[in-house]
Amino acid sequence: MLNRYARGFFTRLFTPLARLLLRWGVTPDAVTIAGTVGVAGAALVFYPIGQLFWGTVVITLFVFSDVIDGIMARMKGSGGPWGSFLDSTLDRIADGALFAAVAIWFFTGGHNPAIAIAALACLVLGMIVSYARAKAESLGFTANVGVAERAERLVSVLVVTGLTGLGLPQGFLLVVLVVLALASLVTVYQRVRAVRRQSLEAPSPS
């Protein structure tokens, strides 16, 4: 849902920057890689030392690279399987670093193991959500369904983690992470069910 309503706005916002980067000879792949390094690096540097607000600010700046590289690829006419593969693979690295960094802080200086465990649950289930879709598509099925897409997960955890760094009670972050984990679990079920239905409807090999 966030993708559908926000993509047009951010495309208009970042198109001038994307055009400038292309003029400077920067490639979409370079932006994708730099964004991933920025997100993962900021998460693993700031969050484990308890800098939840400033970590979120820096991470958010790099997250926008995921929009910019797509705009650049469309302008350059270079979008394709390779770009999609690289983007999806590096997204998993960024997401993993983000949730792992939250878990590290709350297992250590944050002194809240419940939040840490919920963050790890989000990490694992988020990876399964992505894997289920990728595996389905590799077998010729579609699994683009579910209530917990990446954009929703990312925005939710970043906003509430940043606010926690400003003094929001930790219970809000715990609730958000638990809801995200449950939503991811529901999404896995929805994708498994969708592929199962398609497999039953597919004609049997003669």
Where is the tightest heavy-atom contact between [X] and [Y], given as atom of each residue plus distance?
X    : Y    : result
A97  : A43  : O-CB, 4.0 Å
P48  : I104 : CB-CG2, 3.8 Å
T161 : V102 : OG1-CG2, 4.4 Å

Worksheet entry | Validation row: I115, W105 side chains within 4.5 angstrom (heavy atoms) | no

Practice prompt. Give a yes or no on this: more than 12 heavy atoms of other residues, nucleotides or ligands lie within 6.0 Å of atom CZ of F14.
Written response: yes

Between the main-chain N or O of [Y] and the side-chain N or O of [X], is there a donor-acceptor pair closer than 3.5 Å?
X    : Y    : value
R92  : S88  : yes
S65  : T32  : no
S199 : R196 : yes

Fill in: Option from V31, T15, V67 for which side-chain contact (heavy atoms from CB on, under 4.5 Å) with M72 holds
V31

Item to complete: Using the side-chain contact (heavy atoms from CB on, under 4.5 Å) rule, pick out the option among V58, T56, V57 that qualifies with W54.
Response: V57

Discussion item. Grouping I, L, V, M, F, W and Y whenever their side-chain heavy atoms are under 4.5 Å apart, do L168 and V176 come out in a common cluster?
Written reply: yes

Fill in: Same apolar cluster (I L V M F W Y, side chains within < 4.5 Å links), M75/I68
yes

Fill in: From L177 atom CG to I117 atom CD1, the distance as rounded to the nearest 0.5 Å
12.0 Å

Response to the item:
d(D69 CG, D29 CG) to nearest 0.5 Å is 8.5 Å

Discussion item. Can you list everything that forms a side-chain hydrogen bond (donor to acceptor under 3.5 Å, both in side chains) with T164? Sequence neighbours excluded, please.
Written reply: none

